[in-house]
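Everything below concerns the one structure shown next.
Note that the structure is predicted; figures quoted are calculated from it, not measured. Quick note: numbers below take in every heavy atom, side chains included, and nothing from hydrogens, waters or symmetry partners.
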Amino acid sequence: MIEAICGQVVNEVAQIAFAIARTSAPASEKLNRLLTAIHHHGKTILFKEKRMHDMIVAAMQEIRAIIKAHIERLISIFEVIIREGIEAGEFKVEDPAEAARAVKTAFTPFFHPILIEHCLQHGEDIEAGLREQIRFILKALGKPY
């Protein structure tokens, strides 16, 4: 049951990611919208479906293959968007695959269900932190602000 629920949630996130990646928006806007949407999806589950959130946290320990595949899929989507940004002259990085992995790492506090819950339990302004981190990521990719 946990595996099915976890699969459903990662597929929802993947559908959101693919929909945003397919838009004709500039790469920086796509990445901003994608990271924001992923974070808000996780936060919504925490607030509105706490039992599902707890199952996802458990699944992260028990069903690592699904989680690993999900993260790799997101990294691939990040890479496609970063490549588009490089081609458009919007981003200035040499290795899009490496940059995509770095984006994932930099975004982990806003993606990982346990870390989202921790921030909220300790009264952190997670929305302000999200905006700051996205600005940081875009600057690191070479997008001037």
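The minimum heavy-atom distance linking I20 with L34 is given by the pair CD1-CA, 3.8 Å. The two residues A106 and P109 have their closest heavy-atom pair at O-CD, 3.6 Å. Nearest heavy-atom pair, F78 versus L35, reported as atom, atom and distance to 0.1 Å: CZ-CD2, 3.7 Å. E84 and A27 make their closest contact through C-CB, 4.3 Å (heavy atoms, listed as atom of the first residue, atom of the second, distance). Looking at every heavy atom in both residues, A140 comes nearest to V93 through O-CG1, 4.0 Å. Scanning all heavy atoms of the two residues, the minimum distance from P96 to E94 falls at CD-O, 3.6 Å.
In terms of the salt bridge (charged side-chain N to carboxylate O under 4.0 Å, His left out) criterion, E132 has no residue partners (sequence neighbours excluded). Partners of F136 by side-chain contact (heavy atoms from CB on, under 4.5 Å), not counting sequence neighbours, listed by chain and number: Q133.
Listed for the H41 side chain is no donor-acceptor partner under 3.5 Å among the backbone atoms of V13. Counting only distance, with no hydrogens or angles, the side chain of K104 and the backbone of L74 share no donor-acceptor pair below 3.5 Å.
A 4.5 Å side-chain heavy-atom check between I126 and H39 finds at least one atom pair inside the cut-off.
Distance CG/L130 to CD/E124: 12.5 Å, rounded to 0.5 Å. Residue I81 holds its CD1 atom at 5.5 Å from CG of L31, rounded to the nearest 0.5 Å.
Residues E87 and R83 are not paired through a salt bridge, judged by the lack of any N-O separation under 4.0 Å between the basic side chain and the carboxylate.
Classification of the H70-F111 ring pair by plane angle, with boundaries at 30° and 60°, yields parallel.
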